[in-house]
Amino acid sequence: KQWYQRRVAITAGGKGRADIGDDYIEKLEFKRFLLGLRMYFEYWVAFKRIDEDDDRRISFEEFSEAEEIMKKWITNFGDLQEEFDTIDENDGGMILFIEFCKWAIAKSLDLEDDDE
């Protein structure tokens with residue numbers, strides 16, 4: 001199970017590369033890849049803290065229960081329902097990890113305990 005959770009972050013991190021097309025990372029891209037990978041691992045940790053039932057989706061109930069902790073991670077946290085609707089790009093009523101990552105990047109999410 002732990003390997004699968006790491007794979008989710010690695011896959012998302014790989015999608016963040018601006019120059020996707022190659023099947024490998026070149027030497028000059030490696031540092032940027034590692035920084036991006038670290039960022040996606042941080043977002044995975046945040047996502048898992050909110051996803052209480054471990055179904056790899058965040059419901060509005062889970063999101064609202066995590067409001068106070070998210071306000072520690074994000075300085076410009078707006079209205080709860082508006083934030084949820086903004087993140088839920090596909091209007092599925094649940095937040096998926098990749099949707100969460102896009103929002104976290106836009107909001108400059110930073111965990112308070114990530115040892116930066």
Side-chain angles (χ1 to χ4, degrees):
K1 184 175 178 177
Q2 286 182 353
W3 168 245
Y4 177 76
Q5 292 176 350
R6 290 183 186 106
R7 187 175 64 88
V8 171
I10 291 169
T11 301
K15 288 180 181 176
R17 289 182 53 216
D19 56 350
I20 279 193
D22 296 337
D23 290 334
Y24 57 91
I25 299 170
E26 294 182 14
K27 185 177 180 179
L28 295 175
E29 300 171 314
F30 192 65
K31 181 178 180 181
R32 189 175 67 197
F33 171 75
L34 289 178
L35 291 171
L37 187 59
R38 187 222 172 273
M39 180 181 69
Y40 277 93
F41 272 119
E42 181 174 354
Y43 297 159
W44 180 251
V45 169
F47 185 86
K48 294 304 291 177
R49 288 181 185 174
I50 300 168
D51 179 24
E52 293 179 359
D53 63 4
D54 202 29
D55 66 350
R56 294 185 6 235
R57 302 178 302 173
I58 297 173
S59 67
F60 182 74
E61 182 180 335
E62 291 170 321
F63 191 74
S64 62
E65 289 175 7
E67 182 178 13
E68 291 307 312
I69 193 165
M70 287 188 290
K71 286 181 177 179
K72 293 178 184 176
W73 304 337
I74 298 169
T75 56
N76 58 344
F77 192 89
D79 175 73
L80 192 64
Q81 186 66 55
E82 288 177 17
E83 292 287 354
F84 185 87
D85 292 342
T86 298
I87 302 168
D88 183 21
E89 291 180 342
N90 68 359
D91 296 323
M94 301 287 255
I95 296 172
L96 306 176
F97 179 62
I98 198 66
E99 294 172 327
F100 182 80
C101 289
K102 290 177 186 177
W103 175 76
I105 291 167
K107 293 284 189 170
S108 300
L109 183 145
D110 185 33
L111 293 178
E112 74 280 4
D113 60 351
D114 68 347
D115 296 324
E116 271 188 56

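For the numbers below, each heavy atom of this structure counts, side chains included, while hydrogens, waters and symmetry mates do not. This chain uses plain numbering: 1 for the first residue, then up along the sequence.
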Could you check if a side-chain atom of [X] sits within less than 4.5 angstrom of a side-chain atom of [Y], using non-hydrogen atoms only?
X: Ile74; Y: Glu83; value: no
X: Asp51; Y: Phe97; value: no
X: Arg57; Y: Leu96; value: yes
X: Phe77; Y: Glu67; value: yes

For residues [X] and [Y], report the shortest heavy-atom separation together with the two atoms involved.
X: Ile50; Y: Glu62; answer: O-CB, 3.5 Å
X: Phe84; Y: Ile58; answer: CE1-O, 3.7 Å
X: Leu109; Y: Ala46; answer: CD2-CB, 4.1 Å
X: Ser64; Y: Leu80; answer: CB-CD2, 3.3 Å

Do the side chain of Glu99 and the main chain of Asn90 share a donor and acceptor less than 3.5 angstrom apart?
->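 Indeed, once roles are kept as given, a pair shorter than 3.5 Å links the two residues.
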Stepwise salt bridge (Lys or Arg N to Asp or Glu O under 4.0 Å) check, Arg38 with Glu42 = CA-CA 6 Å; Arg38 187 222 172 273; Glu42 181 174 354; 2.8 Å; yes
Should Glu68 and Lys72 count as an ion pair when the cut-off is N to O under 4.0 Å?
->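 Salt bridge flag = no for Lys72 with Glu68.
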Under the criterion ring pair (Phe, Tyr, Trp, His ring centres under 6.0 Å), which of Trp73, Tyr40, Phe100 is the partner of Phe47?
->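 Among Trp73, Tyr40, Phe100, the one meeting ring pair (Phe, Tyr, Trp, His ring centres under 6.0 Å) with Phe47 is Phe100.
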State the NZ-CD1 distance between Lys71 and Ile69, to the nearest 0.5 angstrom.
->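 One finds 13.0 Å between NZ of Lys71 and CD1 of Ile69.
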How about Trp44 and Phe41: are their ring centroids closer than 6.0 Å?
->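 Not close enough - the centres of the two rings lie 6.0 Å or further apart.
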